[in-house]
Number of protein chains: 2
Amino acid sequence: MVRTILAVMFCLAFISVVEAQAQSLNLMPLPAKVQMGSGQLVVDPNFSVSIAGHHEARLDRAVELFLVQLRRQTGMPPIDMKVTDSATATLVVQAAAGTKAVQELGEDESYRLEISSSGARLTAPTTLGVMRGLQTFLQLERTTSAGFAVPAVTIEDSPRFPWRGLMIDVGRHFIPLDVLKRNLDGMAAVKLNVLHWHLSENQGFRIESKKFPKLQEMGSDGLYYTQDQVRELIAYARERGIRVVPEFDMPGHATAWFVGYPELASGPGPYQIERQWGVFDPAMDPTREETYKFLDTFIGEMAGLFPDQFFHIGGDEVNGKEWDANPKIQAFMHAHGMKDNNDLQAYFNQRVEKIVAKNGKTMLGWDEILRPDLPKTIVIQSWRGPDSLAQAAKLGYRGLLSSGYYVDLMWPAERHYATEPLSGAAANLTPEEQKRILGGEACMWSEYVSPESIDSRIWPRTAAIAERLWSPQDVRDVNSMYQRLAVTSTWLDGLGLTHNSSYTPMLRRIAGTNDVAALKVLADVLEPVKDYTREETAPVPATSLLPLNRVVDAVRPESATARQFAAAVDELVGGNAKPGSEPRVRELLSRWRDNQVELQPQFEKSLLLQEVAPLSQNLSALGAAGLAALDYLDRGEPAPAAWVTAQLALVEQASKAQAQLLIMVAPAVGKLIRASAGPASPASSPAE
Amino acid sequence: MVRTILAVMFCLAFISVVEAQAQSLNLMPLPAKVQMGSGQLVVDPNFSVSIAGHHEARLDRAVELFLVQLRRQTGMPPIDMKVTDSATATLVVQAAAGTKAVQELGEDESYRLEISSSGARLTAPTTLGVMRGLQTFLQLERTTSAGFAVPAVTIEDSPRFPWRGLMIDVGRHFIPLDVLKRNLDGMAAVKLNVLHWHLSENQGFRIESKKFPKLQEMGSDGLYYTQDQVRELIAYARERGIRVVPEFDMPGHATAWFVGYPELASGPGPYQIERQWGVFDPAMDPTREETYKFLDTFIGEMAGLFPDQFFHIGGDEVNGKEWDANPKIQAFMHAHGMKDNNDLQAYFNQRVEKIVAKNGKTMLGWDEILRPDLPKTIVIQSWRGPDSLAQAAKLGYRGLLSSGYYVDLMWPAERHYATEPLSGAAANLTPEEQKRILGGEACMWSEYVSPESIDSRIWPRTAAIAERLWSPQDVRDVNSMYQRLAVTSTWLDGLGLTHNSSYTPMLRRIAGTNDVAALKVLADVLEPVKDYTREETAPVPATSLLPLNRVVDAVRPESATARQFAAAVDELVGGNAKPGSEPRVRELLSRWRDNQVELQPQFEKSLLLQEVAPLSQNLSALGAAGLAALDYLDRGEPAPAAWVTAQLALVEQASKAQAQLLIMVAPAVGKLIRASAGPASPASSPAE
């Protein structure tokens, strides 16, 4: 018995060492299986790749893109690092078979990567698997004492879910093609495989229709993609193993359609492009045959443009007011025995589904479209949560999770990371039902993003979502995730993503000077308000005309400084501080305390900076309070109750949003203050 | 008399205040005339531009590009800031006339920009002047307490020289189209007007020829521009008021031509693309009629592709060895009474000039082509200097200065800035002769640049050259230049140039970690060796196959830290230190002293970092020595002679290049040490 226990313990210890080694590779998403070898394979200008086995243009291109990136990462010239026919190539790539002409849901993406000090071999059932394995190889590349190298390792890997997407809303703010392309590069790097392109909204219709040109001409402010550009993006995505699923939201979220074609709508019109955010009244008229005739032509045109099997019709958030106000629609509903607007929308969905199906496509829509009268082929995308998803799966529908993956809500990465598609009611589904849960999508709704800021809202947090959807379910160590996310974030910089590089220029513009050291001290601990608070607390209604050039647009969704500070404070308060933790906490607190004096002179020089003056004052006060609390703790002398009460009031005040920003270190400073009160203090009562 | 003196003094004082105000606008190049007004014009989302006067598509496009950039600088959405027909537009733009179908040398670029608190007016004789004025407007935009604004000001401006160029050598290292485009943006921003595209070299033939496809197929490693891309770049340049002058270097510097067409050469062949740097033997055979037949067809093809009036034939650095070794060529020379290879090359140039002229173009070449037997229409580009240029002007030839503007030589901006086309013998030319000096060109020879590093070798120093060529001759305050150059450098970042943004990623790659704070302390005071020392001191012969990923490739050509440190030391030693200078000097010295301890652990982890270990040790020693010297100075106690001698030996040793890098703070530390010796010390003897 003792032996068995020892053996088990040894095993566990061994596993955790191996796991630690695997984690130290800084791969993201973490592969299914990693077996460390010994030594490393040097990556120098003579590095070469040969392609064994099946050949296709897409594979050649994947290898070419791989070499471009490997050269970029190592600073090698383009005339080095060649594709060769030689069997002694540094890396031999072998795909057993090619890929489908149109990438399909569930195509095999698995791969096996073996690296020893003498060479590397990447084998996969398909070119798609090779693409994923090449990304792993790129992530493994590092600087060493022998030059650039990849460690000896054997990796067997395959995705947990077949649908791992990123939705980008280009309707509310137009996002230019080059921005989408660099985001496709980021997606490929973390093994996401679906770009869900939300192409129409109340605020803009973003794609050229040759059949109905007034859609883009009158509905887009001139900000739309030509069909050539669409084809270009689809080809770009395909080279990276990414499917492109278009979404045309209907019957609601469609005001921009009605500017050029008011007859589609249920109200009298005329319509204008919507400039504000929210849910609006305009909706298509589901009772007129002309509506379906229009959609038949339009969907036919778009089905020809987008090769993917899936076609997203949106279907969310119809408030029904235009339907209620239209006597003809009311009469129609009465005549057809429809008891409410849900029935009417269900009728609409059925009609649209037939059009989509006629064009050889599978319909996809948000939660609201789920009604048992639709065929079981359709896919439900859930913004409501895993329970809603489970309900769909039980009814026999396939589904995608997006609730919990809305990156516009400014949540920390760990909250997205903890969002598990097979949780809640979905955890109790039968294996058969669970298979219907195809995966999920990070969603970038664009009320508050511009081409300048969008990358910083998507990355690096979306990499954590990508890991949730790719890696085994038991991969969920938050510390490991954050450590690898930091490395991944810098790596993504190298792909041209601007999530890090846009920060300083935005702060410089706000401050009107290159000297933004003091502003950075403040901005580094700020985060935008969460969920929908920005909209709810806007001093004037936000519109698409307002510049997104404020401090709230520049600061990161998640403050690494605040997270690290909170961890150090937890150690201190828990009595298990590592060496260096207290000096680090003191240093930060002092810097915050003194920062207001540094920043003060800049406020009067910039209108955009002025709104954060109160935050700077609060941060300064938090710094002073935290230092005083630390002094009490160091002296082992409980802080006076009155002082504690006053300081906690300060913390509470400083925790409130100002200028739609939050000081993320306030709670940890509060912890320090409560700890300084000693164990018996009322300020640390359980009611707190 | 006294009154007159006072009046003059008042005038001078007044001028200098005005000049200081004008300089505080941070414009670069500094305009010819600036008259400050009072107040400012707010730049908000309602900002609008109307086009009065002459209309042409190029003007519309210039305004469109201006608005794109203004929105980018201010963070405004693309649906704000419109072109309007209204006479009450914020900015009214008026060009008296359009521009030539092909931009000509000497086309009027002058403009007048009047800004008051109620509006702005930009008038110019041509669209070109409008383009220059719009760039001035963009440079004036700043963050203020009222939001974004431009100051009230009246500017009258025109260029001093009509030819203000940047040569980019894409032969030795291929530079992709997107990199050239962002450099065109940078050129337009500082009012340069000629891209001189050095398209062929021993190491590569970089353009598609449909007549002679083996030129690019065998001479480029696949790295060349298609003719469509060339047209695209020319159109891009034209939209920015920039001419594109192609250079095809002949009869030397042409090995890459001979790989596909060995019959063009004077040697027996076969030829391969040259991988090393230097002057090589292969040269075209000037004695065969087939050579001229080939060039006639080739130049005809290229003359059709490049609309510019000028066609550069290179003509430099023919060592003549292939000619000497070829009996047929020797016989030809003898038969034609040619006494040396110069005569042979002159014959070649005459023949080529006729071909160029037949195609309606004006020939341009380097110094070597200058022979009185060529027509006076040709233009000489001088890499030898103003005297050579003056000689050409006296002979009736037009000329361009490039000597002194070679940005690959890693000189400080002030040295380029001090290079005056009308200096030396050129200063004594008659006005008529001086007019023949058309301007100059910054030259980016590309032995040691990659797409990653090229921007940092061109910018920001080329902006100082641009000012020399645009602004009045008496604009030469070096401090003002450096102050404005720093602002301009950051502004150029916003155009997508990577001269600043590539620094940290390159250091991170070298160090193999994101923690490059210590490496930056070192790298910030290093510069690459100057002139041709890198080539001369290369441990192995450098080739185009070698990666440019070393510390010498990452560090900046000019260390701002070293310049500022030297200035502070000069103040200290001169006894006129500003408050804060000594603490700043002490802080830097301490940081350098302590930095080695920080950096040491990183050396063993990176091969690329190891070569700078001796530099780090030397910097540390310099820091310690400087601090000790400062202590002696502060105590007013002369340092012991033996100590001074030992420290100066250290400085001398630390001043030597290592890893092809220089520690730029060594001389100033030497000054501190000598000063600490006291006035009578032998260490500060005049012999020093």
Side-chain angles (χ1 to χ4, degrees), chain A residues 44-46 71-80 142-149 173-174 176 204 221-223 273 275 450-453 486-487 489-490 493-494 500-501 504-506 508-514 543-550 553-554 603-610, chain B residues 44-46 71-80 142-149 173-174 176 204 221-223 273 275 450-453 486-487 489-490 493-494 500-501 504-506 508-514 543-550 553-554 603-610:
Chain A
D44 65 17
N46 298 317
R71 289 187 203 111
R72 199 183 290 160
Q73 288 181 199
T74 54
M76 307 280 178
I79 51 177
D80 292 336
R142 62 210 51 210
T143 302
T144 76
S145 58
F148 300 107
H173 277 102
F174 180 69
D221 299 298
L223 300 168
I273 294 174
R275 300 296 177 196
S450 68
E452 185 180 41
S453 66
V487 175
S489 178
T490 307
D493 287 339
N500 290 317
S501 64
T504 301
M506 290 181 82
R508 284 177 172 171
R509 176 205 290 149
I510 289 164
T513 165
N514 289 351
T543 76
S544 53
L545 299 161
L546 275 187
L548 297 171
N549 56 8
R550 294 165 58 206
D553 299 303
F603 289 124
E604 63 205 39
K605 291 183 189 153
S606 163
L607 184 68
L608 286 171
L609 199 56
Q610 277 162 21
Chain B
D44 65 16
N46 299 317
R71 288 186 202 110
R72 199 183 289 159
Q73 288 182 199
T74 54
M76 307 281 179
I79 50 178
D80 293 335
R142 63 212 50 211
T143 302
T144 76
S145 59
F148 300 107
H173 277 101
F174 180 69
D221 299 297
L223 300 168
I273 294 175
R275 300 297 178 196
S450 68
E452 185 180 40
S453 65
V487 175
S489 178
T490 307
D493 287 340
N500 290 317
S501 64
T504 301
M506 289 181 82
R508 284 178 171 170
R509 176 204 290 149
I510 289 164
T513 166
N514 289 351
T543 77
S544 54
L545 299 160
L546 276 188
L548 297 171
N549 56 8
R550 295 166 59 206
D553 299 302
F603 290 125
E604 63 206 42
K605 292 183 189 153
S606 163
L607 185 68
L608 286 172
L609 199 56
Q610 278 162 21

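Bear in mind that the values here come from a model prediction, so they are computed numbers and not experimental data. Note on naming: letters A, B, ... go to the chains in the order of the sequence lines (proteins, then strands), and numbering restarts at 1 for each one.
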Under 4.5 Å from a heavy atom of chain A, the part of [X] involved:
{"X": "B:Phe148", "value": "side chain"}
{"X": "B:Leu609", "value": "neither"}
{"X": "B:Ser606", "value": "both"}
{"X": "B:Leu608", "value": "side chain"}

In this structure, CG of A:Leu545 is separated from CG of B:Asp80 (nearest 0.5 Å) by 5.5 Å

Tell me, for [X] versus chain B, whether the close heavy atoms (under 4.5 Å) come from the side chain, the backbone, both or neither.
{"X": "A:Ser450", "result": "neither"}
{"X": "A:Glu604", "result": "backbone"}
{"X": "A:Thr74", "result": "backbone"}
{"X": "A:Pro505", "result": "neither"}
{"X": "A:Arg72", "result": "backbone"}

Flag the pair [X] / [Y] as yes when at least one side-chain heavy-atom distance between them is below 4.5 Å, and no otherwise.
{"X": "A:Lys605", "Y": "B:Thr144", "result": "no"}
{"X": "B:Pro547", "Y": "A:Pro77", "result": "yes"}
{"X": "A:Asp493", "Y": "B:Arg508", "result": "yes"}
{"X": "B:Ser145", "Y": "A:Leu607", "result": "no"}

Any donor-acceptor pair under 3.5 Å linking the side chain of B:Arg509 with the backbone of A:Gln73?
yes

Listed partners of B:Leu223 passing side chain to side chain contact (heavy atoms under 4.5 Å, CB included), at least two apart:
A:Pro78, A:Ile79, B:Phe174, B:Arg206, B:Asp221

Among A:Thr513, A:Asp44, A:Asn514, which residue has the highest count of heavy-atom pairs closer than 4.5 Å to chain B?
A:Asn514

If you count heavy-atom pairs within less than 4.5 Å of chain A, which of B:Asp553, B:Val487, B:Asn549 leads?
B:Asn549

